[in-house]
Amino acid sequence: MTENAWTRWPSREALGPLGISRSRRLLAWVVRLLVLAMLLWAAFSQRHVGLWEALGAAGGVILAALVSWAFFRTTYGHRLVPSLALMAVLLGIAVAAEATGFRGPALVIWCGCGVGALERLPLGAALPVASVALASYSAFANDVWLTTAATVAGMALAGYVLRLDAEARGSAQRLLAQERAARAAEAESAALAERARIAREIHDVLAHSLSAQLVHLEAARLLIERGADRGRILERVVAARGMARDGLAETRQALSALRGELTPLEDFLSELVSTADGAEVTVTGERRRLPAEASQAVRRVAQEALTNVRKHAHGARVEVRLDYGEQEVTLDVRDSGGRPGELDGSGGGYGLLGMRERAELLGGSLDAGPDEGGFMVTLKVPL
């Protein structure tokens, strides 16, 4: 059943000490000690009682202090029955104090019960308890009725104000905890995103480098099986070695990218096409520095596209065009078509799929397909 305002407890944050300043906690303890000292003084300063009665009264004061501490603990645990039982014990101690002539301590305990009930109990239970406590105070107080009424009203108002203050503090603590949890979740999300970015970089480097090496090594194996001359086999092995060397360079470049130390994109594309026969690069638009993710996406798509040209359109003429638009950068890699390489059917076709996923993560797109007798790859990444 949903709790309403009458059955709802003050929150644990409101009933606990968190959020209370050190000076305020110190003041609260000073007030408690002063009240305890006053009650003990009242127990020993009565002229009409003997030593044993005074010691008994002091014991009652200490018992009331222990019961009050227990009441604070049970209310913090939101245990209604034990809290009401402890409040009844306190009211009983006050009645006993009044019956034995210790009116001062009795009045203080009744006022404390009224304030504590309004501050820490659900309103449905706090109002009856506070009414009984403050009614007992007004019945036995010796002041004039106006003073007594003002004191009762002041105690009730003080208890409710303390309740509102505690609830406000509890709400602030809950909001602070939620903010910390949100920051922790944001930091964890950022860490996961960074791990995913690193994983993509490593995967792209390995996939490009190893697939290129596999092309040449597999070609060398086929040449050996066909009994080809030593020169052609050596050419493939040397090419695979070059790919391994390029892979190491790409790995270093990927690590530099992760550290934010990227070479200019135009220089990278120029160096990339310089290793491919019949390839040229054109850059249009106003050149600008791209975000690291966008720059890496362009680099990886260019590498993957040229690798596919070597595998599936050997000897084709390749045009690489990089266009800086107002809102996006576009990379076009087109080949004129050529004869299939010796390993035209090798590979699982996951390279361009991975590039498309990378582009979509950046809010862009990647299109690939036949184009005027050749093949075209177009990447668009928003700036």
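- Taking the side chain to side chain contact (heavy atoms under 4.5 Å, CB included) definition, one finds that L175 meets it with Q178, sequence neighbours left out.
- Ion pairing between R356 and E360 fails under the 4.0 Å rule for side-chain N and carboxylate O.
- Summarising the geometry of A302 relative to L331, their closest heavy-atom pair is N-CD2, 3.8 Å, with the distance given to 0.1 Å.
- Residue pairs meeting the ring-ring contact (aromatic ring centres under 6.0 Å, His included) criterion with at least one member in residues 63-96, sequence neighbours excluded, are W9-H78.
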- request: Run the numbers on E280 and E319 for side chain to side chain contact (heavy atoms under 4.5 Å, CB included), then give the verdict.
  value: CA-CA 5 Å; E280 60 182 19; E319 295 182 0; 4.2 Å; yes
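- Through side-chain heavy atoms spaced under 4.5 Å, either directly or across other Ile, Leu, Val, Met, Phe, Trp or Tyr residues, V238 is tied to L234.
- For E266, the side-chain hydrogen bond (donor to acceptor under 3.5 Å, both in side chains) partners two or more places apart in sequence, or in a different chain, are Y324.
- Taking CD1 of I233 as the reference point, atom CG of L223 lies at 6.0 Å (rounded to 0.5 Å).
- Applying the side-chain hydrogen bond (donor to acceptor under 3.5 Å, both in side chains) test to R221 and every residue at least two apart in sequence or in another chain returns E218, E225.
- Under a hydrophobic-cluster definition in which Ile, Leu, Val, Met, Phe, Trp and Tyr are linked whenever side-chain heavy atoms come within less than 4.5 Å, directly or via other members, W110 and L162 are assigned to the same cluster.
- Note that the OG atom of S295 and the CZ atom of R300 stand 9.5 Å from one another [nearest 0.5 Å].
- If you chain together hydrophobic residues whose side chains sit under 4.5 Å apart, L379 and F375 fall into the same group.
- Distance alone, capped at 3.5 Å, places no donor-acceptor pair between the R334 side chain and the M376 backbone.
- V67 and L90 get closest at one heavy-atom pair: CG1-CG, 3.6 Å.
- Note that CG of L15 is 8.0 Å distant from CD of E119, once rounded to the nearest 0.5 Å.
- With sequence neighbours left out, D323 forms a salt bridge (Lys or Arg N to Asp or Glu O under 4.0 Å) with no residue at all.
- Residues R120 and P10 have side chains not in contact (no heavy-atom distance under 4.5 Å, counting atoms from C-beta outward).
- Interatomic distance, CZ of R169 versus CG of L164, reported as 12.5 Å (0.5 Å rounding).
- The shortest distance between side-chain heavy atoms of V318 and L306 falls below 4.5 Å.
- Residues passing the side chain to side chain contact (heavy atoms under 4.5 Å, CB included) test with P82, sequence neighbours excluded: T74, R79.
- Screening residues 374-383 for side-chain hydrogen bond (donor to acceptor under 3.5 Å, both in side chains), with sequence neighbours left out, gives D332-T378.
- Using a 4.5 Å heavy-atom threshold, the side chains of T282 and R321 count as touching.
- For S171, the side chain to side chain contact (heavy atoms under 4.5 Å, CB included) partners two or more places apart in sequence, or in a different chain, are R174.
- For the pair P382/Q327, no side-chain contact is recorded, criterion being any heavy-atom separation below 4.5 Å from C-beta on.
- Looking at residues two or more places apart in sequence or on another chain, you find a side chain to side chain contact (heavy atoms under 4.5 Å, CB included) between E286 and R288.
- Atom CZ of R230 and atom CD1 of I224 lie 11.0 Å apart (nearest 0.5 Å).
- Counting all heavy atoms, side chain and backbone alike, V237 lies closest to A220 at CG2-CB, 4.3 Å.
- Considering only heavy atoms from C-beta on, V301 stays 4.5 Å or farther from V333 through its side chain.
- Under the 4.5 Å side-chain heavy-atom criterion for Ile, Leu, Val, Met, Phe, Trp and Tyr, L80 and V89 are members of the same hydrophobic cluster.
- In this structure, the side chains of D267 and E271 stay at 4.5 Å or more apart for every pair of heavy atoms.
- Taking hydrophobic clusters as Ile, Leu, Val, Met, Phe, Trp and Tyr residues chained together by side-chain heavy-atom distances below 4.5 Å, F140 shares a cluster with V115.
- Annotation: the span from R226 atom CZ to R232 atom CZ amounts to 8.0 Å, rounded to 0.5 Å.
- When hydrophobic residues (I, L, V, M, F, W, Y) are linked wherever their side-chain heavy atoms come within less than 4.5 Å, the members clustered with V161 are L157.
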Name the atoms and distances for all side-chain donor-acceptor pairs under 3.5 Å in residues 122-137, with sequence neighbours left out.
| from | atom 1 | to | atom 2 | distance (Å) |
| --- | --- | --- | --- | --- |
| S131 | OG | L127 | O | 2.6 |
| S136 | OG | V132 | O | 2.8 |

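- What you find for G170 and S11 is that their closest heavy atoms are CA-OG, 4.1 Å.
- Taking the side chain as every heavy atom from C-beta outward, L86 and T75 never approach each other to under 4.5 Å.
- The hydrophobic cluster containing L322 also contains V309, counting ILVMFWY residues as joined when their side-chain heavy atoms lie under 4.5 angstrom apart, directly or transitively.
- Residue A14 comes nearest to A166 through the heavy atom pair CB-O, 3.0 Å, listed as atom of the first residue, atom of the second, then distance.
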